[in-house]
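Given the structure is predicted, the values throughout are model-derived calculations rather than measurements. Here is how names work: the chains are called A, B, and so on, in the same order as the sequence lines, proteins then strands, and each is numbered from 1. The figures here come from the full heavy-atom set of this structure, side chains too, leaving out hydrogens, waters and symmetry mates.
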Amino acid sequence: MTYGQLPYDIAHMLGGGVLLFSFVLLYQRRITAVINAFAMQGALVAFAAAWQGVTQDAAGLFLTAAIAFGAKAVAIPLVLRAMVRRLDLERGVETALGIGPSMIAGVGLVGLAILVVLPATTGVHALAREDLALSLSVVLLGMLMMITRRNVIGQVIGLMSLENGLLLAAIGAAGMPLVVELSTAALVLVLAIVAAVIALEMRERLQSLDTHALQDHRGEQG
Amino acid sequence: MQAFIGILTQLLHAALILIAAPLLTGLVRLLKARLMGRRGPHPLQPWHDLRKLLLKRPVVAETASAVTIFAPWVAVGAAMLAALLVPSFARGMALAPIADLILIAGLLALGRIAMALAGLDAGTPFGGLGAAREMAFAAFAEPALILATLSFAIIAGNTNLDAIAGAFQDGAVGVRVSLALSLLVLLAVAVAENARIPVDNPATHLELTMVHEAMILEASGRHLALWDYQASLRLTLWLALIAALFLPFGLAAPGAGPLAWALGLAAFLLKMGGLALALAVFESAIAKMRVFRVPEFLGAALLLGLLAAVFLFVSTGLA
Amino acid sequence: MLTALALLLAAMLLLGLLAPLAAATVLGARLLYTGTAAGAIGFALVALAALLGGGAEAAPLPVGPPWAPALLALDGLSAWFLLILGITGTASSLAALGHAVGPQPARVLVPWPLFLGGMGLTLAAADGFTLLLGFEAMSLASWALVAADHDRAENREAARLYLAFAVVSAACLIPAVGLLAAGPRDFAFAALRDSPPDGWRAVAVLALALAGAGAKAGLAPLHAWLPLAHPAAPSHVSAVMSGAMTKVALYVLCRILFDLCGPAQPLWWGLPLLALGAASALIGALRANLEGDTKTLLACSTIENVGLVTIGLGLALAFRGADLAPLAALAAGAALLHALNHSVFKTLLFLGAGEVLQAALSRRLDRLGGLIRGMPWTAGAVLVGVGAAAALPPLSGFASEWLLLQALLAGWRIGEFGVQISVAAATAVAALAAALAAAAMVRFFGLAFLGRPRTPRAAGATEHGGPARVALVGLAALTVLFGLLPGPLLDLGAEAVRLLSGGALATRWQVTGLSAGDGVARYLPLAVALLLALLVAGLALGLRRRSPPGVVLGPAWACGFIAPPPHLPLGDPATQPSAAGLAQPLGRMLGGAVLAAEERVTMPDPGETAPARIESGFRDPSFPWLLQPVARLRDALATRAERLRDLGIRQCLMLTFGLLVLLLALVAMLERQ
């Protein structure tokens, strides 16, 4: 498969779309918009998995797609939105780094990901190489989002977008066992639950979701 | 024969664009009004407005200079020339050899600077405010356009619009991430260049939120007609540019006969109608952003353009 | 040809020596400026002859250093830059002649011919020693001119900083030439060319040449002196410093890196030039948008344009390294054309700013305004220059920036991923700088010439005819001409392009316009200008019947602007945009990140009658990152050196003795090799 062939092009576009939404996540200021963008990214990852299921003719990937869609595009955003409403968080997200610099850093990270992936995968199929570069970029951008957001919800979304990148890499590799995918999906769900609990606790005890506030309470007990 | 066909299509194209430009503005206004539950003006209304304005002698501020008188002509000339270069229904027009994307960017800059100078000419506060903001936005929009051009230049090996449209029409390019990113870049730049929501509001009546309108507050009569006409031309030019690059189907090949032209014309009208509808829906659905949020918007477009180029480097390196 | 050039150089020296006699009278000053104008015309004619008829081989002068006679030569590259010097020098001398209405002090008159002559000598030199001699003569003479108006503290400060940078520049260039000459043990260019440096010596030459010539050309991060020194000099000197001196520095850079370092350089040599050029372009263009002084603004725009030229040179080096000679020719052509175009329109703009200073007695944008009414000729000429600086078609600036962008857009043909990304980023920065320059030029013209006068002096400004107007109109005509005929112009510089692109025969440029290669994009400025004129004329004719002729004058509307009070016949100047106001959007959007621009609002307490104040400012990054650490280092070294004064006689002798032994050991070591 290479350029000009429809299966490849569509897989490529979906991967590019996931990456684009990583940038949208970095770009948005309002927390509801961030959640929407995350939902869109989850849906795109699910479509990418389904499309790989079609081209690779693997039924397991459809299951992955369904789980990804249900969890990332529907359930988690709904929960997050409910949380935002409950905690009355309708104001903007405070970024530790400005939008412009974090976008520039994002482009730099994508360049880095490509520089790392291309030499490391010489001889591998062109499709896999570029998909790997895309996925690594999404992972790095997720990490960038985690460090540039002060708000705990922003950080959680960064983490889950990071996992989207991992999933994107996993579905690109033909013959990935289903168990691995299921376990990562479960892991993410657990992570989301833990994060939600922490956020609620933080809110109750510190009256803030700014993780910077935790700094002052290091070493405390009880 | 080829030369003759080129000249003929060029003349037909000129007539089409020059007549259709105000109609497009009217169409977008009508569609927006309908989407908002109003009846809206007739699409011919901009033409009536132009005729009425032309009949009035312009009132020029005592503090203004010759710049106010000449600037609208320069801006209209630049917009007309740029609009003549963008293919509508056929490729291979007589001016195709000079239809270079960088030249089009330069002509747009010429019109913009004429407008900014006219805004500063009378020495009024709003004119200066609009000029400063317009030039600041352009500082982000122009490099974004150049980076989109970079992607096209890598894919088509050329910055000539006609050649790029031809390469895209042949379909050997395929669907690419870079192209999708470039489309987003061009859309963002088009929104900013045409002073549309969310960057600027073409229908605003509040001076402090104006950018584009603030510069022509002092214009009246014939001058205002010229400014309005060039704004319509720019909108048409941008939509035609996007249609020619990303929806190249239906474009008559160089040297094709009248039948292909008719087909191309129908496709062109369809594409422009679709784009006008998309613009109206987009503008109705979204709120204008703060002035100092615009650089983030356009800066994001700039970086997406860079990203598109980076992905092209990867894929050309692989090929 | 070389004889004529040598005679011209001697005449410049003679003029400098005779200048003290001319200082006493008006006639003397006029004669001197007429002389330098004639000499500069001679430079331009010699350059044209060399460009048209092929260069001249190196020939010895009857004078020179003890070891060998000084050599002069004129090839395509030096002739191209000599043409720049000739045009700029002629126009500036004419402008100075126009303003020589009273006796001029000797400190202004003496260095002026020496300055022009020093630049001419640098360009004509065919051996390292003569090159350095000319370069240092140029530096010293221009320092004297910067310091000419020394009763103002800021000018003294500027002159001091300028001298420091000139010393740095010399301290880098002299070792660079020394390293080049170390191999062949000869200073003649022909000998240097035959045994180019290699290994660490080549890298050291690259670094030293970049620092030495870059400091003179105003490349970031060594640009801090330029916005201070160029405005401090008299206007005609500022014009030559921006128009020609920076180009002479670029010539030295080209000569060392492209010519004397041999025919082949590695690919990565282009990258430092690309990076420094991009940084200069961005910082210069952004600063030009924030400055409140006309000449400082223009000086910052010079930094930007020098950056663009350097980007072109870096690309040419990279393409040479990648064996893409036709593309190297494209990039080199862009750099050379932009150097020429910039020198013409920047000279025009500086001379225009000089006229404004003469008529309105201020360089501050906030004290000007509405000058287009009192000074229509100046305003018209400056408008042409502004259009070229803003890269508007069909003027000259657009032609060269079009070529530069085409070269940048072809940068991906260098196969290496890292280089491709760097070139793409440089493309973005170059386009950003071009758009920022346009904004700066709109601000400059809009504040100085349009709107209402901000001071009574600006309201009463009038202009003079005479040689100064001839210079302005001539330069504006050249700007239009070069914009319409870039192809023949580049044909004239074909030899220089060949030299820079590493031997590739430049593609013949068409008379009608420029082309980025076979079957690729073309730019036909004549056609564009013609079509623009036709369209506007056709529309005007078509509308003549339908629209009533003429205009009606009325008070400005401004959304309900009330008539000005009687004591302010021109309206309150504060009700129109100020320099800081026009700078605000870009200052906030980009200034914070690049130039640490900030705004402070001081609100009075409730009930207080004091006005609220907003203060805005910015800081060039080269001050905190480069100059201040260097100054601290200097202070530390000085303190350390102070201790030497307390040494006893025995210790002093020991120092001398130790040094002697060390030197002897060095000699012994060198002789062993």
B/Leu18, part contacting chain C, at a heavy-atom distance under 4.5 Å: neither
Chain C contact via B/Val59 - side chain, backbone, both or neither, heavy atoms under 4.5 Å: both
Which portion of B/Leu103 sits near chain C, non-hydrogen atoms under 4.5 angstrom: both
Option that, when pairs with chain B are counted at under 4.5 Å, heavy atom only, ranks first among C/Leu383, C/Ile372, C/Leu392: C/Leu392
Main-chain N/O of C/Pro549 paired with B/Arg57 side-chain donor or acceptor, under 3.5 Å: yes
B/Glu62 side-chain N/O to C/Ala556 backbone N/O, donor-acceptor pair under 3.5 Å: no
C/Leu409 side, atom CG; B/Phe152 side, atom CZ - distance, nearest 0.5 Å: 11.5 Å
Side chain / backbone / both / neither for B/Leu95 at chain C, heavy atoms under 4.5 Å: side chain
Partner chain B: residue of C/Gln406, C/Arg413, C/Gln584 with the largest heavy-atom pair count (under 4.5 Å): C/Gln406
Among the listed options B/Leu110, B/Asn160, B/Thr149, the residue most often paired with chain C at heavy-atom distances under 4.5 Å: B/Leu110
Engaged part of B/Leu226 at the chain C interface, taking heavy atoms whose separation is under 4.5 Å: side chain
Among C/Ser547, C/Ser578, C/Ala431, residue most engaged with chain B (heavy-atom pairs, under 4.5 Å): C/Ser547
Separation of B/Asp121 CG from C/Phe449 CZ (nearest 0.5 Å): 13.0 Å
C/Leu539 versus chain B, the contacting section by heavy-atom distance below 4.5 Å: both
Step-by-step side-chain contact (heavy atoms from CB on, under 4.5 Å) determination, B/Asp100 to C/Tyr523: CA-CA 7 Å; B/Asp100 179 70; C/Tyr523 168 56; 5.9 Å; no
Backbone of B/Gly123 reached by a side-chain donor or acceptor of C/Arg452 within 3.5 Å: yes
Greater than 12 external heavy atoms within 6.0 Å of C/Arg546's CZ: no
Sidechain-backbone polar pair: C/Gln420 side chain, B/Val310 backbone, donor-acceptor under 3.5 Å: no
Distance (rounded to the nearest 0.5 Å) between C/Phe398 CZ and B/Ile102 CD1: 7.0 Å
Reported CD1-to-CG distance for the pair B/Ile146 and C/Leu432, which is rounded to 0.5 angstrom: 11.5 Å
Proximal component of B/Val76, with respect to chain C [non-hydrogen, under 4.5 Å]: side chain
Atom CZ of B/Phe292 with >12 non-hydrogen neighbours under 6.0 angstrom: yes
Heavy-atom contact with chain B under 4.5 Å, split by part of C/Val429: neither
Under 4.5 Å from a heavy atom of chain B, the part of C/Ala533 involved: neither
Which portion of C/Pro453 sits near chain B, non-hydrogen atoms under 4.5 angstrom: neither
Part of C/Leu543 within contact of chain B (heavy atom distance under 4.5 Å): side chain
B/Thr124 vs C/Trp557, side-chain contact (heavy atoms from CB on, under 4.5 Å): CA-CA, chis, key distance, verdict: CA-CA 8 Å; B/Thr124 54; C/Trp557 177 52; over 6 Å; no
Nearest-0.5 Å distance that lies between atom CD1 in B/Ile98 and atom CG in C/Leu526: 11.0 Å
Side-chain donor or acceptor of B/Asn158 paired with backbone N/O of C/Ala521 under 3.5 Å: yes
Exercise: identify the closest heavy-atom pair between B/Ala139 and C/Leu436: CB-CD2, 3.8 Å
Heavy-atom donor-acceptor pair, B/Arg222 side chain to C/Val551 backbone, under 3.5 Å: no
Gap separating the CZ atom of B/Phe137 from the CG atom of C/Leu586, nearest 0.5 angstrom: 10.0 Å
Other residues, nucleotides, ligands: >12 heavy atoms within 6.0 Å of B/Trp47 CH2: yes
Closest-packed option against chain C by number of heavy-atom pairs under 4.5 Å, given B/Ala141, B/Gly119, B/Ala136, B/Ala99: B/Ala136
Interface residue of largest heavy-atom contact number with chain C, from B/Leu107, B/Val60, B/Leu120, under 4.5 Å: B/Val60
Proximal component of B/Ala64, with respect to chain C [non-hydrogen, under 4.5 Å]: backbone
Which atoms of B/Ala138 approach chain C - backbone, side chain, both or neither, heavy atom under 4.5 Å: backbone
Among C/Leu447, C/Val528, C/Asn289, residue most engaged with chain B (heavy-atom pairs, under 4.5 Å): C/Val528
Closest-packed option against chain B by number of heavy-atom pairs under 4.5 Å, given C/Val536, C/Val386, C/Leu408: C/Val536
Which atoms of B/Leu117 approach chain C - backbone, side chain, both or neither, heavy atom under 4.5 Å: both
When C/Pro577, C/Gly554, C/Ala435 are compared by non-hydrogen pairs under 4.5 Å with chain B, the top option: C/Gly554
